[in-house]
Amino acid sequence: MANVKIMQGDSYAVFVQLRLLETQEPVTPGMVSDVEITVGESFRKTHAAGEVFYHAEIGQWYFVPSQQETFALDPDSYEVQARVKFRNGQYSPTKGITVGRITILDANSSEVI
């Protein structure tokens with residue numbers, strides 16, 4: 001994930017590529033019981049809750065912050081982390097891995113449209 005820039009109030013897909021540390025093999029839905037993505041300490045989304053999705057054609061996971069979630073973030077740069085829980089019940093070696101940063105830009109309007 002490159003450094004993503006989002007204006008407060010924006011709501012669009014943010015893509016993250018997750019790979020096994022040992023083999024660099026992509027992490028796919030068939031391997032996991034859950035994927036958790038956090039943006040700073042501001043919000044958390046999980047695959048099990050239907051908030052983190054997998055795009056098979058490009059082999060990446062993604063989440064879509066809502067307008068309310070991006071409005072709730074102060075203009076700043078936030079670390080994005082992912083944790084993977086494998087189907088066998090063990091946590092991935094990628095637990096706590098930083099996958100990128102999201103920079104929130106100040107918006108002139110503060111209304112959800």
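Keep in mind that this is a model prediction, so the values were computed, not measured.
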Minimal heavy-atom distance between I6 and P65, with the atoms involved, is CD1-CG, 4.3 Å

Do V112 and F71 pass the side chain to side chain contact (heavy atoms under 4.5 Å, CB included) test, and can you show the C-alpha distance, the side-chain angles, and the key distance before you say yes or no?
CA-CA 9 Å; V112 173; F71 272 133; 4.0 Å; yes

Side-chain donor/acceptor of [X] to backbone N/O of [Y], under 3.5 Å:
{"X": "T70", "Y": "Q67", "answer": "yes"}
{"X": "D34", "Y": "A48", "answer": "yes"}
{"X": "E51", "Y": "T46", "answer": "yes"}

By the definition side-chain contact (heavy atoms from CB on, under 4.5 Å), identify the one residue from F43, F53, F15 that meets it with F63.
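Exactly one option meets the side-chain contact (heavy atoms from CB on, under 4.5 Å) with F63, and it is F43.
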
### Task
Check whether the side chains of E79 and Q81 place a donor and an acceptor atom closer than 3.5 Å, and report yes or no.
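On atom types as modelled, these side chains qualify, holding a pair under 3.5 Å.
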
Cut-off 3.5 Å, side chains only: do S77 and R101 have a donor facing an acceptor?
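Their side chains do contain a donor-acceptor pair, which is all the 3.5 Å distance test asks for.
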
Inset, instruction - May I ask you to say whether R44 pairs ionically with E36, meaning some side-chain N is under 4.0 Å from a carboxylate O? - result: yes

| query | Can the ring centres of W61 and H47 be said to be less than 6.0 Å apart? | reply |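 For W61 and H47, the ring centres are under 6.0 Å apart.
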
Counting heavy atoms not belonging to E41, are there more than 12 under 6.0 Å from its CD?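 No - once you tally the heavy atoms of other residues, nucleotides and ligands closer than 6.0 Å, there are 12 at most.
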
- Query: In this structure, are over 12 heavy atoms from other groups packed under 6.0 Å from N3 atom CG?
  - Reply: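 It does: N3 CG has more than 12 such atoms within range.
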
